[in-house]
Amino acid sequence: MMEWLILFGFLLLITLLYVYLQKLVMKLPHKTWHFVPLLFFGVLTIYGYLRSSRIIVYYSDYNNDWTNGVIEFIAGIYGFLTSLITMIVIYLYRRKRPAIPSGKIRKVFTVFISVFMIAFTVFNVYSIVSYDYSQNTVDFRSQKLTTIGEYMFDRLHEGNFDNNTSFRKKELSEYIDRNKDSDVYIAVLFSDFSSIRFLDDHTVMISNGAIFQSVSGYLITDGQRSYPNGFLKLPGSEYDGEGIDVRGGSDNIYRWSAGL
């Protein structure tokens, strides 16, 4: 009960702060200033979404990047909605009563805060525009798969898994200790796959799920197995010809596809 009261009090405090900020800028004479909080929170929402979705990734802050992104996204969208509602209410109120201009001290203070918000917004926009998104298309995907593969092999060597172990994605995420293996949990959470299992003691097979009677995924090895391009026979499998087509590989990660 106490935790809910603390959360409610925190949200109330944040809401009042957002409302007060919007009321401050609404007292400035030029309407352009009125949209500064909306712009600030709008960009913060986009920036937070990109970080929480791992579209923007700062490897030096790998462990906290997802958490920070979620916080920024929630703060941004909550601030945007609060500012928008406050602005609409104030405009409707001003139809009945004229606005009272701010004093000089409050005006200077408001301009200072607005300039700070504009600078922070420009910085976030620059980060979004200048970020090298290409590094995530291969490097980060490989990093996630390697992290998952290493976790599976570690559990196998410790005796927690055997070479018949298999998981659905949700089952694996629930199995992982989020505090002890946070990197693995994040890698699983933001990887697009449906199931994972061992092919043998040296190979983990990840399936991305079926699309139009075909399925694809990745093979991850511990470095003691390698797979040439071509057809790999898997007796007893549900795939066409009881096998998969392996194509390309690097850093002990191989792509595969098959028909159903």
Side-chain angles (χ1 to χ4, degrees), residues 53-63 65-66 131-158 160-178 180-212 214-260:
S53 301
R54 293 290 186 172
I55 297 174
I56 288 182
V57 179
Y58 297 109
Y59 293 96
S60 60
D61 191 27
Y62 180 81
N63 291 325
D65 203 64
W66 178 78
Y131 184 75
D132 182 10
Y133 294 93
S134 63
Q135 66 178 329
N136 291 345
T137 58
V138 177
D139 295 345
F140 189 59
R141 183 188 298 120
S142 298
Q143 185 182 29
K144 289 188 294 184
L145 293 173
T146 299
T147 299
I148 296 170
E150 289 176 348
Y151 176 81
M152 297 292 289
F153 288 124
D154 286 344
R155 299 292 85 76
L156 178 68
H157 298 152
E158 292 169 0
N160 297 316
F161 295 167
D162 58 42
N163 55 18
N164 292 316
T165 297
S166 63
F167 287 102
R168 305 294 294 178
K169 178 180 177 179
K170 183 179 180 180
E171 294 172 341
L172 181 59
S173 65
E174 291 174 347
Y175 178 88
I176 296 169
D177 186 329
R178 301 186 188 185
K180 182 180 178 182
D181 299 298
S182 60
D183 286 1
V184 182
Y185 179 76
I186 292 173
V188 170
L189 189 63
F190 289 99
S191 292
D192 185 19
F193 70 91
S194 61
S195 63
I196 183 171
R197 67 184 181 93
F198 286 99
L199 279 186
D200 53 46
D201 290 344
H202 304 290
T203 309
V204 170
M205 183 178 188
I206 287 182
S207 173
N208 292 336
I211 301 177
F212 299 115
S214 65
V215 64
S216 63
Y218 297 92
L219 299 179
I220 308 170
T221 74
D222 60 1
Q224 299 185 43
R225 284 288 305 270
S226 61
Y227 293 94
N229 289 342
F231 189 76
L232 176 64
K233 192 75 174 179
L234 298 178
S237 67
E238 70 276 21
Y239 307 126
D240 288 346
E242 294 190 329
I244 59 176
D245 190 36
V246 180
R247 284 287 180 269
S250 62
D251 298 325
N252 300 323
I253 299 174
Y254 302 81
R255 292 178 177 271
W256 66 268
S257 61
L260 296 174

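- Interatomic distance, CG of Asp162 versus CG of Asp201, reported as 9.0 Å (0.5 Å rounding).
- The aromatic rings of Tyr151 and Tyr175 stand perpendicular to each other, their planes meeting at an angle above 60°, with 30° marking the opposite boundary.
- Applying the side-chain hydrogen bond (donor to acceptor under 3.5 Å, both in side chains) test to every pair with at least one member in residues 222-232, sequence neighbours left out, gives these pairs: Asp200-Arg225, His202-Asp222, Thr203-Tyr227, Arg225-Tyr227.
- Of the inter-residue distances, the one linking Thr165 atom OG1 with Asn160 atom CG reads 9.0 Å to the nearest 0.5 angstrom.
- With sequence neighbours excluded, no residue forms a ring pair (Phe, Tyr, Trp, His ring centres under 6.0 Å) with Phe198.
- Within the 4.5 Å cutoff, the side chain of Ile253 has heavy atoms near those of the Thr146 side chain.
- Heavy atoms only, all atoms of each residue included: Ser207 and Val215 are closest at OG-CG2, 3.4 Å.
- Proximity of Phe193 to Leu172: side-chain heavy atoms (C-beta onward) are separated by under 4.5 Å at one or more points.
- The shortest side-chain heavy-atom distance between Leu219 and Ile244 falls under the 4.5 Å cut-off.
- Taking CG from Asn252 and CD from Glu150, the interatomic distance works out to 9.5 Å, rounded to the nearest 0.5 Å.
- From Ser194, atom OG reaches atom CZ of Arg168 across 5.0 Å, with rounding to the nearest 0.5 Å.
- Scanning all heavy atoms of the two residues, the minimum distance from Asp245 to Arg247 falls at OD1-NH1, 3.2 Å.
- Note that CZ of Arg155 and CD of Glu158 are 4.0 Å apart. Values are rounded to the nearest 0.5 Å.
- Within the 4.5 Å cutoff, the side chain of Met205 has heavy atoms near those of the Leu234 side chain.
- In this structure, the side chain of Lys169 does not engage the main chain of Asn208 through any donor-acceptor pair within 3.5 Å.
- Trp256 places a side-chain N or O within donor-acceptor distance of the main-chain N or O of Ile206, the cut-off being under 3.5 Å.
- For the atom pair Asp183 CG and Ile176 CD1, the distance stands at 10.5 Å (nearest 0.5 Å).
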